[in-house]
Amino acid sequence: MPELPEVEVVKQSLERTIKNKYIIDILVRNPNLRLKITSKFAKILKKKIILNIKRIAKYIIFELSYDQYLIIHLGMSGTLHLVTSKKSNLNTNLSFYSSTNLPKKHNHIEINFGNFKIVYNDPRRFGFFKIVNSKKKLNNYFSKKGLDPLQKQFNFKYLFEKFKNRKKNIKNILLDQNIISGIGNIYASEILFFCKINPNKEGRLIKTIEIKKIIKYSKLVLNKAIKKGGSSILNFRSTQGNMGNYQDEFKVYGKENKKCPNKNCKFKILKLNISNRSTFYCQNCQN
DNA sequence: CCGTTAACCTGAGAGC
DNA sequence: TGCTCTCAGGTTAACG
């Protein structure tokens with residue numbers, strides 16, 4: 001469920017909590033995530049120090065000692081929980097879930113730091129943990145993906161090259177992680193509303209000025225969402241178990257039949273199904 | 001190469 | 001209470 005802003009909030013909380021910490025042990029309760037956890041997994045992570053925590057798009061990366069890198073993707077329902085030994089199963093404050101308690105089911109991986117542990121919970125198991133054993137392999141992994149909209153290189157020249165000759169509609173382009181990496185279904189609708197672009201518009205028909213708007217509002221919307229602690233629709237919570245607040249800023253997502261938020265527009269927000277993902281927009285303001 | 005669809009999973013909520 | 005159906009912040013193999 002998390003998109004770039006929510007993953008960034010989790011990354012920042014992990015940074016405060018486990019940076020420079022030593023992994024004492026790993027427990028894999030269920031190896032059957034989207035990528036199967038191998039038998040070597042625990043052995044590699046054990047006795048390593050987490051030197052740095054980074055985020056690229058929707059991925060969290062642990063830079064470990066001995067040139068090992070752990071790539072984490074939360075999928076649709078992955079959450080991380082901080083569990084202190086005293087409180088055992090209660091009051092996890094690195095929550096990403098509707099309850100500040102550790103869920104009873106689907107706790108697949110535990111990273112033990114001694115006086116506390118991080119528990120990975122994921123009901124749908126679309127998330128994954130992947131280890132690569134060199135910086136080169138790490139870079140190679142991300143070189144095949146689209147640019148993160150918050151990166152500097154995400155500019156007019158980059159998008160222009162990606163958009164030209166594309167018959168694919170702009171909504172699907174924003175969601176295509178091989179073109180742009182980090183935007184998901186909520187923020188795609190929100191960004192297009194600010195840009196005043198119809199989600200069905202073909203990439204090749206997007207004008208110069210519209211490309212510039214996409215760059216501007218992608219950065220603006222995502223950065224604002226990070227500042228607001230992410231969006232809490234169903235179950236997202238930030239570091240201290242607090243809800244994010246960006247859902248209060250939504251212009252169109254989930255606003256079907258509500259009035260368009262633009263002044264002087266009396267149209268209602270429509271819900272479309274584009275490639276089996278719900279899409280919200282104003283037919284009057286977005287052309 | 002490009003674009004679309006189905007598939008991977010579980011749980012919550014609506015309607016009957 | 002229970003059944004069936006739809007939907008959910010994601011990704012990708014397979015197909016034409």
Side-chain angles (χ1 to χ4, degrees), chain A residues 1-11 30-36 55-60 71-80 95-99 103-108 120-130 141-142 144-146 148-149 161-191 199-205 218 221-222 225-226 228-238 243-250 252-256 271-280:
Chain A
M1 293 175 165
E3 302 181 37
L4 187 153
E6 292 75 33
V7 176
E8 174 64 22
V9 170
V10 173
K11 177 257 180 183
N30 183 356
N32 300 308
L33 302 183
R34 182 149 69 83
L35 303 176
K36 176 127 183 163
R55 179 197 58 76
I56 298 176
K58 299 171 192 169
Y59 300 84
I60 295 168
I71 303 168
I72 300 174
H73 195 291
L74 301 171
M76 285 284 261
S77 57
T79 57
L80 290 163
S95 182
F96 196 64
Y97 213 70
S98 58
S99 167
K104 290 186 173 63
K105 293 170 73 178
H106 310 299
N107 294 317
H108 307 308
Y120 179 71
N121 183 281
D122 190 353
R124 297 178 74 179
R125 286 183 275 119
F126 290 167
F128 67 80
F129 283 53
K130 176 188 172 68
Y141 185 83
F142 287 103
K144 293 167 187 166
K145 301 187 185 303
D148 182 315
E161 286 301 315
K162 295 290 182 187
F163 282 16
K164 70 174 184 187
N165 304 329
R166 290 264 178 191
K167 281 201 81 174
K168 200 183 222 183
N169 68 59
I170 185 64
K171 167 76 185 325
N172 277 339
I173 290 177
L174 291 187
L175 287 182
D176 188 334
Q177 306 295 300
N178 293 315
I179 302 172
I180 302 168
S181 197
I183 294 173
N185 201 43
I186 289 180
Y187 295 102
S189 280
E190 290 297 308
I191 290 164
N200 272 320
K201 192 166 185 172
E202 289 179 15
R204 59 182 180 176
L205 301 178
S218 296
V221 167
L222 296 173
I226 291 168
K228 291 273 180 179
S231 299
S232 297
I233 305 266
L234 292 173
N235 54 21
F236 173 74
R237 298 232 170 191
S238 71
M243 306 239 314
N245 292 119
Y246 194 76
Q247 69 280 3
D248 300 335
E249 310 285 327
F250 287 170
V252 291
Y253 185 84
K255 305 286 187 187
E256 187 183 14
K271 181 181 182 179
L272 283 181
N273 185 318
I274 299 180
S275 296
N276 286 322
R277 310 300 302 275
S278 41
T279 306
F280 300 87

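All chains are named by letter (A, B, ...) in the order of the sequence lines, taking the proteins before the strands, and each is independently numbered beginning at 1. When reading the values below, keep in mind they use all heavy atoms of this one structure, side chains included, and skip hydrogens, waters and symmetry mates. Given the structure is predicted, the values throughout are model-derived calculations rather than measurements.
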Side-chain contact check for R166(A): nearest option of dT11(C), dG3(B), dT10(B) is dG3(B)

For L175(A) and dT5(B), give me the distance from atom CG to atom P, rounded to whole Å. 14 Å

When the P atoms of dA14(C) and dC9(B) are compared, how many Å lie between them, rounded to an integer? 15 Å

Output the rounded distance in Å from CG (N32(A)) to P (dT10(B)). 11 Å

K168(A) side chain: which of dG10(C), dT12(C), dT4(B) is closest? dT4(B)

Quick check on dC9(B): is either OP1 or OP2 less than 4.0 Å from any side-chain nitrogen or oxygen of S77(A)? no

For N165(A) and for N276(A), find the nucleotide of DNA chain B with the closest heavy atom, then tell me which residue's nucleotide is more 5'. N165(A)

How far does the P atom of dT12(C) sit from the matching atom of dG11(B), given to the nearest Å? 24 Å

Which of parallel (below 30°), tilted (30 to 60°) and perpendicular (above 60°) describes F128(A) and H73(A)? parallel

How many whole angstroms separate atom CD of E202(A) from atom P of dT4(B)? 9 Å

OP1 or OP2 of dC2(B) sitting under 4.0 Å from any side-chain N/O of K167(A)? no

Output the rounded distance in Å from CG (D176(A)) to C1' (dT5(B)). 14 Å

Name the closest nucleotide to the P123(A) side chain, picking from dA8(C), dG11(B), dT11(C). dG11(B)

I173(A) CD1 - dG3(B) P separation (whole Å): 7 Å

Counting only side-chain N and O atoms of H73(A), is one of them less than 4.0 Å from OP1 or OP2 of dT11(C)? yes

Using a heavy-atom cut-off of under 4.0 Å over every strand shown, decide if R277(A) touches base, sugar-phosphate, or nothing. base

Just by distance, no angles: are the side chains of Y187(A) and S231(A) close enough, under 3.5 Å, to form a donor-acceptor pair? yes

Does R125(A) place a side-chain N or O at less than 4.0 Å from the phosphate oxygens OP1/OP2 of dC8(B)? no

If the threshold is 4.0 Å, N to carboxylate O, is there a salt bridge linking K228(A) and D248(A)? no

Pair D122(A), S77(A): side-chain N/O donor-acceptor within cut-off below 3.5 Å: yes

Assert yes or no for the condition that the ring centre distance of F250(A) to F280(A) is strictly below 6.0 Å. no

Are the ring of F126(A) and the base ring of dT11(C) both nearer than 5.5 Å at their centres and tilted by less than 30°? no

Any-strand Watson-Crick or G-U partner of dT12(C), both distances under 3.5 Å: dA6(B)

Do the side-chain N or O atoms of K58(A) get closer than 4.0 angstrom to the phosphate oxygens (OP1, OP2) of dT11(C)? yes

Distance-only side-chain donor-acceptor flag, N185(A) / K171(A), under 3.5 Å: yes

Any side-chain N or O of H106(A) under 4.0 Å from OP1/OP2 of dC9(B)? no

I need the CG-P distance between N169(A) and dC2(B), as an integer number of Å. 16 Å

Atom OH of Y120(A) and atom P of dC9(B): how far apart are they, to the nearest Å? 14 Å

Figure out the NZ/C1' separation between K171(A) and dT4(B), and round it to whole Å. 14 Å

